[in-house]
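Notes for the one structure printed next.
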Amino acid sequence: MGKELNHLACIMDGNGRWAKKRGLPRHLGHKRGCEVCLDIYDACIEANIKVLSLYAFSTENWNRPKEEIDHLFDYLEIFFKKEIKKMLKDGSRLMVSGDISRIPEKTQKVIYECMEKTKDCKNFVFNICLNYGGKSEIVRAVKLINEDIKEGKISIDDINELSFENYLYTKGLPPVDLLIRTSGEQRTSNFLPWQLAYSEFIFTPTCWPDFTKEELFKCIEEFKTRDRRYGGIVDGSRK
């Protein structure tokens with residue numbers, strides 16, 4: 001049951017290790033990683049997936065060297081400037097989950113322009129999680145709910161799981177069906193904890209810069225073999 005794949009999320013891990021293994025600076029791993037993002041985006045459209053969420057930069061990533069961070073934002077700017085026409089042609093809407101007020105203003109400008117241009121696109125959602133942390137997202141939601149209660153917009157009795165989701169960055173998106181993490185690490189690293197509640201997980205040893213459409217399609221086939229019981233039973237007996 002429930003094997004339809006509407007929302008794919010990826011933790012794009014291993015860019016730095018990929019570069020180091022080749023004797024390259026870490027930031028060139030991020031550059032290659034941006035190129036792979038487009039390949040996976042195309043594959044999602046081909047597979048009729050409706051939403052792709054990518055963990056591009058976490059709230060903890062500020063601890064990395066400044067030079068690496070600066071290069072990463074430069075690559076993101078180039079990526080969006082280059083791909084905006086393709087997104088419009090595909091009918092894809094750019095969405096950003098996270099607090100982008102801290103990132104460079106020029107990067108913010110590019111992101112806001114892309115979101116504005118694609119806001120009416122309805123075929124696909126390209127959700128970039130940028131300066132994102134799952135715990136901070138939930139705390140933010142609680143604060144927003146508290147403000148609405150104080151202003152009399154809602155009452156405490158209005159709060160349930162469905163209404164709570166309206167205060168998350170991912171408002172309006174379906175829950176994540178499948179999470180893929182590359183590079184062999186087997187943890188979620190504060191990524192979409194609410195949205196991953198009933199997701200299937202696949203961990204691959206492949207570093208993100210080497211992750212291909214073909215491997216993604218294999219992951220999708222594996223997903224289709226999973227029994228998604230949501231706490232229920234299969235064939236009359238609990239397994």
Side-chain angles (χ1 to χ4, degrees), residues 5 7-41 43-44 47 49 51-69 71-73 75-76 79 96-99 103 126-138 168-170 173 175-226 228:
L5 177 48
H7 189 168
L8 170 69
C10 296
I11 299 177
M12 307 179 291
D13 200 11
N15 291 340
R17 276 166 281 173
W18 179 90
K20 184 177 180 180
K21 186 177 179 180
R22 289 159 177 77
L24 301 171
R26 285 176 57 88
H27 69 83
L28 291 182
H30 296 305
K31 182 179 182 182
R32 171 59 188 155
C34 284
E35 296 168 0
V36 172
C37 289
L38 184 59
D39 292 338
I40 300 308
Y41 162 89
C44 287
I49 295 169
V51 182
L52 172 63
S53 291
L54 297 179
Y55 205 5
F57 191 86
S58 76
T59 50
E60 290 77 28
N61 286 156
W62 293 106
N63 295 321
R64 295 186 176 186
K66 184 178 184 302
E67 181 182 8
E68 180 181 342
I69 293 172
H71 277 298
L72 176 59
F73 288 132
Y75 295 143
L76 285 172
F79 178 85
V96 174
S97 294
D99 178 12
I103 70 175
F126 194 16
N127 179 37
I128 305 297
C129 298
L130 193 57
N131 195 26
Y132 173 87
K135 288 183 178 181
S136 63
E137 177 185 31
I138 292 172
L168 298 174
Y169 289 121
T170 54
L173 298 185
V176 176
D177 297 300
L178 172 63
L179 170 73
I180 298 173
R181 179 168 187 156
T182 55
S183 88
E185 304 293 346
Q186 298 188 22
R187 55 183 178 272
T188 59
S189 296
N190 199 23
F191 183 48
L192 302 175
W194 180 280
Q195 299 85 343
L196 292 177
Y198 288 101
S199 305
E200 296 294 322
F201 292 0
I202 293 178
F203 301 104
T204 171
T206 305
C207 286
W208 180 256
D210 287 328
F211 193 66
T212 63
K213 285 185 178 183
E214 290 73 23
E215 185 166 358
L216 173 60
F217 292 144
K218 289 180 181 178
C219 291
I220 293 173
E221 289 306 310
E222 180 179 340
F223 168 82
K224 291 178 180 178
T225 69
R226 304 276 182 95
R228 305 187 72 197

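All values below were derived from every heavy atom in this structure, side-chain atoms included, with hydrogens, water molecules and symmetry-related copies excluded. Position 1 is the first residue of the sequence; numbering continues from there.
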Original post:
Partners of Ser199 by side chain to side chain donor-acceptor pair (under 3.5 Å), sequence neighbours excluded?
Top reply: none

Original post:
Considering residues at least two apart in sequence or located in another chain, which fulfil the salt bridge (Lys or Arg N to Asp or Glu O under 4.0 Å) criterion with Arg64?
Top reply: Glu68

Subject >> Pairwise distance CG(Leu178) to CZ(Phe201) - rounded to 0.5 angstrom >> reply: 9.5 Å

Original post:
Does the pair Glu215/Lys218 count as a salt bridge with the N-to-O cut at 4.0 Å?
Top reply: no

**OP:** Would you mind reporting whether Thr170 and Trp194 have side-chain heavy atoms less than 4.5 Å apart?
**Re:** no

Original post:
Between Lys31 and His27, is any pair of side-chain heavy atoms under 4.5 Å apart?
Top reply: no

Subject >> All side-chain contact (heavy atoms from CB on, under 4.5 Å) counterparts of Ala43, not counting sequence neighbours >> reply: Lys213, Leu216, Phe217

**OP:** Sequence neighbours left out, what passes side-chain contact (heavy atoms from CB on, under 4.5 Å) with Gln186? Give chain and number order.
**Re:** Phe203

Original post:
When rounded to the nearest 0.5 angstrom, what distance separates SG in Cys34 from CG in Leu72?
Top reply: 6.5 Å

Original post:
Where do Asp177 and Leu5 come nearest, in terms of heavy atoms and distance?
Top reply: CB-CD1, 3.5 Å

Original post:
Under 3.5 Å, side chain of Arg32 to main-chain N/O of Asn15, donor-acceptor pair present?
Top reply: no

Original post:
Okay, side chain of Thr182, backbone of Cys207: is any donor-acceptor separation there less than 3.5 Å?
Top reply: no

Original post:
In chain order, what residues pass the ring pair (Phe, Tyr, Trp, His ring centres under 6.0 Å) check against Trp18, with sequence neighbours excluded?
Top reply: none

**OP:** Taking all heavy atoms of Ala19 and all of Pro25, pick out the closest pair and write down the distance.
**Re:** CB-O, 3.3 Å

**OP:** Would you name the heavy atoms of Gly29 and Pro209 that are closest together and state the gap between them?
**Re:** O-CG, 3.9 Å

Subject >> Residues Arg181, Arg187; criterion side-chain contact (heavy atoms from CB on, under 4.5 Å); working and verdict >> reply: CA-CA 8 Å; Arg181 179 168 187 156; Arg187 55 183 178 272; 3.4 Å; yes

Subject >> Criterion side-chain contact (heavy atoms from CB on, under 4.5 Å) on Cys37 and Leu54, from CA distance to verdict >> reply: CA-CA 8 Å; Cys37 289; Leu54 297 179; 3.7 Å; yes

Subject >> CD1 on Ile138 to CG on Leu168, rounded to 0.5 Å >> reply: 7.0 Å

Subject >> Candidate list Val51, Asp39, Leu8, test side chain to side chain contact (heavy atoms under 4.5 Å, CB included), partner Cys44, passing option >> reply: Leu8

Subject >> Atom pair CD1 (Ile69) and CD (Glu67), whose distance is rounded to the nearest 0.5 Å >> reply: 11.0 Å

**OP:** Check salt bridge (Lys or Arg N to Asp or Glu O under 4.0 Å) between Glu200 and all other residues, then give those that pass, not counting sequence neighbours.
**Re:** Arg226

**OP:** Kindly give the heavy-atom pair with the smallest separation between Ile202 and Cys219, and that separation in Å.
**Re:** CD1-O, 3.4 Å

Subject >> Residues forming a ring pair (Phe, Tyr, Trp, His ring centres under 6.0 Å) with Trp62, sequence neighbours excluded >> reply: Phe57, Phe73

Subject >> Steps toward side-chain contact (heavy atoms from CB on, under 4.5 Å) verdict (Trp208, Ile40) >> reply: CA-CA 10 Å; Trp208 180 256; Ile40 300 308; 3.7 Å; yes

Original post:
Do other residues, nucleotides or ligands put more than 12 heavy atoms under 6.0 Å from Glu35 CD?
Top reply: yes

Subject >> Pairing residues for Lys224 by the side-chain contact (heavy atoms from CB on, under 4.5 Å) criterion, not counting sequence neighbours >> reply: Ile220, Glu221

**OP:** To the nearest 0.5 angstrom, please state how far the CG atom of Asn127 sits from the OH atom of Tyr55.
**Re:** 12.5 Å

**OP:** Kindly write out the residues that satisfy side-chain contact (heavy atoms from CB on, under 4.5 Å) with Ala9, not counting sequence neighbours, or none if the list is empty.
**Re:** Ser53, Val176, Leu179, Phe191, Leu192

Subject >> Set of salt bridge (Lys or Arg N to Asp or Glu O under 4.0 Å) partners for Lys135, sequence neighbours left out >> reply: none

**OP:** Might you point out which heavy atoms bring Pro175 and His7 nearest each other, and give the distance in Å?
**Re:** O-CB, 3.3 Å

Original post:
Looking only at atom types and distance, does a side-chain atom of Tyr169 sit under 3.5 Å from a main-chain N or O of Tyr132, one as donor and one as acceptor?
Top reply: no

Original post:
Where is the tightest heavy-atom contact between Ala56 and Ile128, given as atom of each residue plus distance?
Top reply: CB-CG2, 3.7 Å

Original post:
Taking it one step at a time, do Leu173 and Gln195 satisfy side-chain contact (heavy atoms from CB on, under 4.5 Å)?
Top reply: CA-CA 9 Å; Leu173 298 185; Gln195 299 85 343; over 6 Å; no

Subject >> All ring pair (Phe, Tyr, Trp, His ring centres under 6.0 Å) counterparts of Tyr41, not counting sequence neighbours >> reply: Phe124, Phe126

Original post:
Who pairs with Asp210 by salt bridge (Lys or Arg N to Asp or Glu O under 4.0 Å), at least two apart in sequence or on another chain?
Top reply: Arg22

